[in-house]
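Here the structure is laid out as structure tokens; the discussion comes afterwards.
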Amino acid sequence: MKHDFLDKYSSLNSPIHRLDARAKIIAFIGMIIFCVSSPPNAYLAFLGYALFLLIAAALSRVPPTHILKSSLVVIPFVILVAVFIPFLKPDHIGGGYSLGIGKLTVSRSGLVVFENILIKSYLAIISVILLSSTTPFPKLLRGFEQLKVPKLVIMLASFAYRYLFLLIEEIERMERARDARAYRGRWLWQAKVIGQMIGSLFLRSYERGERVYVAMASRGFTGEIVGFGKTKFQAKDVLFLFFALLFFTFLRIEV
Amino acid sequence: MSKKLLEINDLTYSYPDGTRALDGVSLMIDEGERVGIIGPNGAGKSTLLLHLNGILGQNGCVRISGMEINRSNLKDVRRKVGMIFQNPDDQLFCPTVFDDVAFGPRNLRIPEDEVARRVRQSLEAVGLMGFEERSAFHLSFGQKKRVAIATVLSMEPELLAIDELSSNLDPGTRRSMIQLLKELGGTQIIVSHDLDLVSQLCQRVIILNNGQKIAEGETREILRNQELLKANDLL
Ligand SMILES: Nc1ncnc2c1ncn2[C@@H]1O[C@H](COP(=O)(O)OP(=O)(O)OP(=O)(O)O)[C@@H](O)[C@H]1O
Ligand SMILES: [Mg+2]
């Protein structure tokens, strides 16, 4: 299938892949919380978190190029937001560097914040990429469900996962049909065609929603969500989680 | 005399926009029978099926094993009638095949180990063992159709109602689907345009057109009546 980017490496078989989804969710998201709450100059701690991610990545056998490529998709957004901070933050202590362009100054504390945001968000991004590329989406959902995320949220996410690709295919089919009928012309006309496509996409999705609902009702769905099955926590999951959290706590407090 | 499983008595239905889709349809199906419903596009076949488990109105015209379908027994009715829809993508809405097949039993509040047993049994029945953790999106159309059948088998229904069994299937898959339905046995209602499939599977057929029952009888005799078939756009 061509739309498999979401699940490309999540079904490999490695020690990390075999861990219970809950253990991974808590460890990788826990790492983000520990990391983000560290003081800005805790460089050794950042190195520690990076080490953790490096070991996990190596054990998981997910190709490093995949991880790096995925992170490159996200990081520009972070930079886009963070790049203004050094210019906005007035500096009371250091006085800042004047750029000689009107009133524009770069402040030292602003630079520190900028650097801090870059480091922390990059670590967080890698952490999330590792979580999602070592856990198939259905298991991730089940894990979140067992961690007591509301069932309605889980169900919405599961529908999104299930029908996103069908929707993409539907759009592709419509584009093909449009191009087959020699779609050209002035932009006003194009805007009209695109508007019609969006409208018909909405209608199709709406109709599919009704048919899916009928199929659900036919199998005894009454509006009460029963959720997916349970998985069991094993010794290795407990151990992994224990040592991961111990390591993070150490980094947070001692380094 | 064998037991009646399904009784429909003078069923009339109009969609909210005024389209009269069914107009005084009556029919009866015995336990263990396999009955075909044929008719041109827009005849009302799908609408008829949606009445079998009370999706469209519960107006007292439909009885399942003697029980009149009404609001209070919908849950029982939906366990007894397994509905397989035209497009399997509408029926497979869970992240994995396992969860899809388990959806019905879980709604019936069956304990999880019994659910797992039923899922295994249903997937085995449709020849898809080992597909539990796959996502429906990655399956072929024929496989999706089989999973869709498994999703209702797991509820252990008394009546299987199947809409457009063979549309979009290649000849080989179609043949194996016919084989599968023969093996499954039980009481089945099969809606189709595929006269050859109906003649292979069903002892009895009903012709539906313009919301009305046009003819009913032994498959061989009905399918031999070329004029009748032509008059109803089936040939
Ligand atoms: N949701 C709806 N709202 C209004 N009219 C509808 C709706 N669904 C079906 N109809 C109409 O009811 C009639 C019967 O439709 P139905 O889908 O039951 O036909 P069918 O025999 O299943 O046809 P096909 O072979 O194309 O599946 C048609 O005239 C159709 O246009
Ligand atoms: Mg139909």
Side-chain angles (χ1 to χ4, degrees), chain A residues 1-8 10-11 13 17 21 135-145 151 154-170 204-205 207-232, chain B residues 46 49-50 52-56 74-113 115-116 119 132-140 144 148 151-155 157 161 163:
Chain A
M1 277 288 155
K2 59 186 166 147
H3 300 296
D4 61 354
F5 52 85
L6 206 58
D7 265 340
K8 204 160 179 194
S10 59
S11 332
N13 190 7
H17 284 81
T135 322
F137 198 77
K139 290 198 175 145
L140 211 53
L141 282 179
R142 202 168 303 164
F144 276 114
E145 186 189 22
K151 290 209 169 86
I154 301 291
M155 201 161 197
L156 285 175
S158 93
F159 280 145
Y161 172 72
R162 176 69 185 86
Y163 289 110
L164 178 67
F165 301 116
L166 285 181
L167 200 67
I168 294 173
E169 283 188 345
E170 212 138 313
R204 286 191 201 185
S205 311
E207 280 167 3
R208 180 185 294 278
E210 287 212 319
R211 292 198 305 270
V212 171
Y213 175 74
V214 166
M216 292 172 74
S218 295
R219 282 189 272 152
F221 180 72
T222 51
E224 195 184 329
I225 304 164
V226 284
F228 307 127
K230 305 250 178 289
T231 51
K232 283 212 176 64
Chain B
S46 300
L49 282 196
L50 289 177
L52 300 188
N53 64 2
I55 294 278
L56 287 180
L74 275 185
K75 204 160 182 169
D76 279 333
V77 168
R78 287 177 185 169
R79 200 191 60 230
K80 282 176 196 278
V81 181
M83 195 80 85
I84 294 152
F85 295 91
Q86 200 160 339
N87 184 352
D89 275 322
D90 296 336
Q91 192 152 8
L92 307 176
F93 41 80
C94 295
T96 66
V97 166
F98 184 97
D99 291 314
D100 261 320
V101 182
F103 184 82
R106 280 174 180 161
N107 278 328
L108 299 175
R109 299 290 185 276
I110 289 168
E112 195 63 21
D113 46 346
V115 169
V119 172
E132 284 87 346
E133 293 308 316
R134 300 273 290 269
S135 159
F137 182 73
H138 297 284
L139 302 180
S140 75
K144 284 185 195 172
T151 64
V152 304
L153 288 183
S154 63
M155 300 182 76
D163 203 352

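Letters A, B, ... mirror the listed sequences (proteins, then strands); counts begin at 1.
- Neither the backbone nor the side chain of B:D113 comes within contact range of chain A; no heavy atom of the residue lies under 4.5 Å from a heavy atom of that chain.
- Neither the backbone nor the side chain of B:L108 comes within contact range of chain A, judged by heavy atoms closer than 4.5 Å.
- Of the two parts of B:S154, neither the backbone nor the side chain holds a non-hydrogen atom closer than 4.5 Å to a non-hydrogen atom of chain A.
- With a 4.5 angstrom heavy-atom cutoff, A:L166 touches chain B via backbone and side-chain atoms both.
- Both the backbone and the side chain of B:L92 come within contact range of chain A, with heavy atoms under 4.5 Å apart.
- Of the listed residues (B:I55, B:D89, B:V152, B:V81), the greatest number of heavy-atom pairs within a distance under 4.5 Å of chain A belongs to B:D89.
- Between A:K139 and B:E133 no salt bridge is recorded (no basic side-chain N to carboxylate O distance below 4.0 Å).
- Taken to the nearest 0.5 Å, the CG atom of B:L56 stands 4.5 Å off from the CG atom of B:L50.
- When heavy atoms are compared at a cutoff of 4.5 Å, B:R79 does not approach chain A at all.
- Among the candidates A:S218, A:A215, A:G220, the residue making the largest number of heavy-atom pairs closer than 4.5 Å to chain B is A:S218.
- In this structure, the portion of B:E112 lying under 4.5 Å from any heavy atom of chain A is its side chain and not its backbone.
- With respect to B:D99 and A:R142, a salt bridge is recorded, a charged nitrogen being found less than 4.0 Å from a carboxylate O.
- Under the 3.5 Å distance criterion, the side-chain polar atoms of B:D100 are matched with a main-chain donor or acceptor of B:C94.
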Walk me through whether A:Y163 and B:F93 qualify under ring-ring contact (aromatic ring centres under 6.0 Å, His included). CA-CA 8 Å; A:Y163 289 110; B:F93 41 80; 7.9 Å; no
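- The two atoms that bring B:L52 and B:A161 nearest to each other are CD1-CB, 4.1 Å, heavy atoms only.
- Remark: A:M155 CE to A:E145 CD distance equals 10.0 Å, nearest 0.5 Å.
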